[in-house]
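Note that the structure is predicted; figures quoted are calculated from it, not measured.
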Amino acid sequence: MKLSLKRLFGRSMTGGLDLAEAPSPPSPRSAARKTALVTLALVLAILGALVGGYYFAMRPVILKVAVGPANSDDVKVVQALTQAFAQNKSYVRLRPIQTDGATASAALLAEGKADLAIVRGDLDVPKNAQAVATLRKNVVVLWSVPGKGKKKGAKITKIAQLAGHRVGVVGRTQANVNLLKVVLQQYGVDPAKVEIVQFPANEAAEAIRTQKVDAYLAAGPVNSKITAEAIAASTKDVGTPTFLAIDSADAIAQNHPVYEAAEIPAGTYGGSPDRPDDEVKTISFSHHIVARKALSETTVAAFTRQLFAVRQQLVTEFPLAAKIETPDTDKDAVIPVHPGAAAFVDGEEKTFLDKYSDYIWWSLMALSAMGSLGAWFAGYLKKDERNTNSHLRERLFDMIAAARKSETTEELDQMQTEADEILRDTLHCFDHGAIEESALTAFNIVLEQFHAAVADRKAVLFSLPQNLQRAAGQFRAAGNA
């Protein structure tokens with residue numbers, strides 16, 4: 001039965017007035033409705049927090065990439081990746097920082113001024129750097145050219161014969177000179193007895209034509225255009241070059257883990273006859289994309305995933321992108337792999353829910369527990385108010401019996417006044433959630449019974465003659481005395 005609060009207010013008995021004619025107060029909200037509204041607000045707040053957290057977690061991240069030198073293949077690859085990530089509106093975006101070379105790039109990473117860097121594997125890698133991908137592998141090419149005219153001498157066919165000769169190194173970086181020294185020392189050649197001449201990589205062909213040397217060293221990808229042009233320039237006037245095999249490549253790799261044994265396929269550098277005319281054994285090293293160790297695992301995993309997703313997209317216009325490989329995930333790798341990159345390679349990359357589901361679950365549990373605790377505490381605080389109202393309802397029961405025995409209308413009017421006070425207190429308790437609607441319905445039944453008892457008793461009293469009413473009152477007063 002749905003309780004009408006108007007009926008409760010409309011059945012006032014004070015002074016015989018009908019308060020229904022007075023403006024009725026607004027209906028109080030039930031405790032259940034309050035609880036529903038609070039719960040809805042809490043759910044909306046949680047959903048808002050989750051949506052806000054997801055937006056914050058998934059907003060684009062910009063990583064600064066140190067790469068150089070200018071106009072190098074490395075710079076072109078990074079620029080292509082930057083454009084591809086921007087066009088695809090990827091989670092990770094790149095901001096290239098151009099440097100003088102791999103050494104300068106590594107320094108920026110070590111200083112925390114870059115998030116990623118392109119470094120050579122045979123240089124000192126910063127302690128805070130971890131591998132993300134292998135950008136490309138480079139092979140070492142050593143070749144000699146026959147002398148011309150008066151300078152014509154014995155043909156150099158082995159590395160051990162380089163002592164006392166001039167060797168041209170393609171590229172201004174000291175790393176290539178150090179590489180040559182490693183090879184010379186492996187064959188027992190004192191680097192001090194070899195005159196080393198360096199040529200700028202972007203001007204190698206022209207420099208080689210003007211400064212003749214006995215042998216050359218170049219380091220780059222197998223299909224390096226710079227190496228092919230340097231070979232062509234060095235042999236233009238003197239004939240076929242002789243490629244010097246590094247037969248001790250395995251020994252060098254054993255002593256220097258940054259190098260690996262490799263081979264240069266026949267005909268790699270074109271020409272007729274083929275250059276070289278047979279497979280040549282050599283050593284190789286890699287250029288790596290490294291990240292700061294402190295960089296978020298999630299960010300690095302996302303970058304690695306994007307990198308390999310766009311790799312094939314770039315191959316058509318930039319073939320070097322096809323050389324990008326996953327990093328070495330072994331524990332004894334020369335450059336430790338970043339956990340984010342390892343997660344991608346091993347297929348263990350975590351999604352948003354994988355990473356934060358535990359936090360979300362425990363947060364919801366905590367909020368539920370707090371809500372239950374709050375509801376219990378609120379109910380505990382209203383315990384006294386409920387008990388008081390329960391006593392008032394019992395008082396109303398007693399007043400029903402008293403009304404049926406009342407001898408005067410004055411007593412009934414006093415009971416009516418008390419009933420109005422009980423009604424006011426009950427509605428106050430209901431408005432504050434101390435009692436439920438079911439309790440208010442039960443109170444209404446008792447109040448109706450009280451109204452009926454008073455009405456019936458008044459009808460009886462009004463039907464008696466006035467003298468009998470006065471006599472009954474006097475007799476009752478004497479009995480109380």
Side-chain angles (χ1 to χ4, degrees), residues 61 63-67 73-74 77-78 80-81 84-85 90-94 102 105-106 108-110 112 114-139 175 219 221-222 249-250 252-263 283-315 320-356:
V61 175
L63 300 181
K64 292 178 287 187
V65 186
V67 58
D73 290 339
D74 292 346
V77 169
V78 171
L81 290 174
F85 288 175
S90 302
Y91 170 65
V92 175
R93 312 288 175 87
L94 301 179
S105 298
L108 285 183
L109 187 79
D115 303 303
L116 302 170
I118 310 299
V119 301
R120 280 181 59 150
D122 59 339
L123 294 177
D124 291 335
V125 178
K127 293 181 179 180
N128 67 333
Q130 292 182 323
V132 174
T134 299
L135 184 62
R136 58 185 169 88
K137 288 186 178 293
N138 307 280
V139 294
V222 172
D250 291 324
I252 293 176
Q254 184 68 28
N255 297 328
H256 305 274
V258 294
Y259 300 116
E260 297 178 3
E263 293 179 344
I283 58 175
S284 68
F285 62 92
S286 300
H287 269 61
H288 301 278
I289 301 177
V290 295
R292 286 188 296 109
K293 184 178 181 179
L295 200 60
S296 165
E297 181 177 336
T298 301
T299 301
V300 174
F303 168 75
T304 309
R305 183 178 65 254
Q306 293 175 199
L307 175 65
F308 287 96
V310 303
R311 180 180 59 176
Q312 294 303 321
Q313 174 184 335
L314 301 178
V315 168
L320 282 178
K323 303 298 181 180
I324 301 176
E325 300 177 1
T326 57
D328 184 358
T329 58
D330 292 340
K331 293 182 179 180
D332 58 350
V334 177
I335 303 178
V337 65
H338 194 286
F344 169 79
V345 174
D346 297 336
E348 298 177 355
E349 187 179 358
K350 294 181 179 180
T351 64
F352 178 84
L353 289 179
D354 291 334
K355 288 178 288 187
Y356 300 108

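- His338 and Ser296 get closest at one heavy-atom pair: CE1-O, 4.1 Å.
- Residues Asn138 and Pro221 are in side-chain contact: their nearest non-hydrogen atoms beyond the backbone lie under 4.5 Å apart.
- Within a 6.0 Å sphere centred on CD of Gln254, other residues, nucleotides and ligands contribute 12 heavy atoms or fewer.
- The heavy-atom pair separating Ala175 from Asp122 by the smallest distance is O-OD2, 4.4 Å.
- Taking CD1 of Ile289 as the reference point, atom CD1 of Ile324 lies at 5.5 Å (rounded to 0.5 Å).
- The side-chain heavy atoms of Pro257 and Val334, taken from C-beta on, include a pair separated by under 4.5 Å.
- At distances below 3.5 Å, not a single donor-acceptor pair connects side-chain atoms of Asp330 with backbone N or O atoms of Asp332.
- Applying the side-chain hydrogen bond (donor to acceptor under 3.5 Å, both in side chains) rule to Arg292 yields the partners Asp115; only residues at least two apart in sequence or on another chain are considered.
- Counted within 6.0 Å of CG on Asn255, heavy atoms from surrounding residues, nucleotides or ligands total more than 12; the atom is thus considered enclosed.
- Between Thr326 and Thr134 the shortest side-chain heavy-atom distance does not fall below 4.5 Å.
- Minimum heavy-atom separation, His288 to Gly121: CD2-CA, 3.8 Å.
- For the atom pair CG of Leu109 and CD1 of Ile118, the computed distance is 10.5 Å after rounding to the nearest 0.5 Å.
- Here Leu135 contributes atom CG and Arg120 contributes atom CZ; the two are 13.0 Å apart, rounded to the nearest 0.5 Å.
- Taking both residues in full, the closest heavy atoms of Ala133 and Leu307 are given as CB-CD2, 3.6 Å, listed atom of the first, atom of the second, then distance.
- Across Ala302 and Val92, no two heavy atoms sit closer than the pair CB-CG2, 3.9 Å.
- Residues Val300 and Ala341 share a closest heavy-atom pair of CG1-N, 3.7 Å.
- Annotation: the span from Asp250 atom CG to Ile283 atom CD1 amounts to 11.0 Å, rounded to 0.5 Å.
- Within the model, atoms CZ of Phe303 and CG of Leu94 stand 5.5 Å from one another, a figure rounded to the nearest 0.5 Å.
- Looking only at side-chain heavy atoms (C-beta outward), Val78 and Asp74 stay at 4.5 Å or farther from each other.
- With a 4.5 Å cut-off on side-chain heavy atoms, Leu295 and Leu63 count as touching.
- Under the 30°/60° scheme for interplanar angles, the aromatic rings of Phe285 and His287 are found to be tilted.
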